[in-house]
2 protein chains.
Amino acid sequence: MSKCLVIPVLRELVRCYQAFERLSVSHIRETGLTAPQFDILVTLGNTDGMTFKELGQRTLITKGTLTGVVDRLEARGLARREASAKDGRSTVVRLTPEGESLFSRVFEPHLAFLAPAFETLPDAARTDLERHLRTLRGSFETRLAAFETPAEAA
Amino acid sequence: MSKCLVIPVLRELVRCYQAFERLSVSHIRETGLTAPQFDILVTLGNTDGMTFKELGQRTLITKGTLTGVVDRLEARGLARREASAKDGRSTVVRLTPEGESLFSRVFEPHLAFLAPAFETLPDAARTDLERHLRTLRGSFETRLAAFETPAEAA
DNA sequence: TATTGTTATACTCTATAACTATA
DNA sequence: TATAGTTATAGAGTATAACAATA
């Protein structure tokens, strides 16, 4: 339970993800989109659109940044803003037909590009890995919530 | 082996790491350093210094960016540049005593801050996780190398 | 000629906070 | 009052390519 047992997993998590991201980004770049732009495109693909708030929650991009990212997608004709019918304060972001088309052309191939790397793990290992990652994520989220809400226990 | 079996692990890897990074960065920010600056500080800690080239390889920060990051660390008195004795083209970056001191004050506590989240996994699970992540990283690196060296097979 | 690090450019992302318009 | 999104500002990272010094 000491740190000595924890550091190796921590290191591997970071190194593994860095390798994943390098691979993923090198492929995404061929679309001419940045990673955040791709993130938004993929989040909006096959949906009826989403408010800025929802987009922010799903992608971890803060609202100030999101305005700029959506601006750039809009400038490329890939997304557009629509007033929300439900809440006059809200704006819904939706892919244009061009955006949906790009999504289709790009998302499945991207998964297909990444998939073989995951297939080097046997099915059982993949299932275990998924489960452990989920557990770990839960712990991170719990710790973050506790960290951001300091000393409620006082 | 279809994509349907791969997507869940892929998703969990991304979501888990995002949660990790949020937690980690929220803690790092208290040092007044950015994530890349912290990355360099930690890489240089307890070493005799490193060239820009080595730093770039270890941290994935490209050389143009690295100049700026090191500039900022130098401006804070945390690092300094020294001419390499071995190669006149090289510059060695080394932590100053203030940099080493900050490293000591910050690195162990940061690990201690993150460790409890990993300790929610039983020892066996942690070992498995580490092994699978290592396998996966190997696959990513192999695929990346193949991707960046296109069509040698032609 | 190739490599190391710097410089320059232009863009993108980030954090923060003030602002508007709605609720 | 609180919330959704925008705007403004200042800083930081990114990609790219041209460049100087050295190998």
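Every chain is numbered from 1 and lettered A, B, ... according to where its sequence line falls, protein lines coming before strand lines.
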Any B/T67 side-chain N or O less than 4.0 Å from OP1/OP2 of C/dG5: no
Nucleotide D/dG11, atom P - distance to CZ of B/R76 in whole Å: 12 Å
Separation of atom CZ in B/R22 from atom P in C/dT14, rounded to whole Å: 13 Å
Residue mapping more 5' on DNA chain D - nearest nucleotide basis, A/G64 or B/K86: A/G64
Length of the line joining A/K53:NZ and C/dA21:P, which is rounded to integer Å: 21 Å
Geometric class of the B/H27/B/H110 ring pair [parallel <30°, tilted 30-60°, perpendicular >60°]: parallel
Distance in angstrom units between B/R81 CZ and C/dT4 C1', rounded: 12 Å
Phosphate-side-chain proximity, B/T34 and D/dA12, N/O vs OP1/OP2 below 4.0 Å: no
Under-4.0 Å salt bridge between A/R81 and A/D71: yes
Phosphate contact (C/dT20 OP1 or OP2) by A/R89 side-chain N/O below 4.0 Å: no
Closest to side chain of B/T65, choosing from D/dG5, D/dT14, C/dG5: D/dT14
Polar contact flag, side-chain donor to acceptor under 3.5 angstrom, A/S26-A/R22: no
Any A/R29 side-chain nitrogen or oxygen under 4.0 Å from OP1 or OP2 of D/dT14: no
Carboxylate-amine/guanidinium proximity below 4.0 Å for B/E74 and B/R80: no
Euclidean distance, atom CE of residue A/M50 to atom P of D/dA4 [Å, nearest integer]: 16 Å
Sugar-phosphate only, base, or nothing, as touched by B/T51 at under 4.0 Å among non-hydrogen atoms: sugar-phosphate
Carboxylate-amine/guanidinium proximity below 4.0 Å for A/E141 and A/R143: no
Between C/dG5 (C1') and B/Q57 (CD): distance, integer Å: 14 Å
Atom pair distance, as rounded to whole Å: CG in B/L66 and C1' in C/dT6: 12 Å
Of A/A35 and A/D87, the one whose closest DNA chain C nucleotide lies more 5': A/A35
Proximity to the side chain of A/S90 - top-ranked nucleotide from D/dA4, D/dT14, C/dT14: D/dA4
Gap between atoms NZ and P, on B/K63 and D/dA21 respectively (whole Å): 16 Å
Nearest-neighbour nucleotide for the B/I61 side chain, D/dA23, D/dT14, C/dG5 considered: D/dT14
Given D/dG5, D/dA15, C/dG5, the nucleotide with the shortest approach to the side chain of B/T62: D/dA15
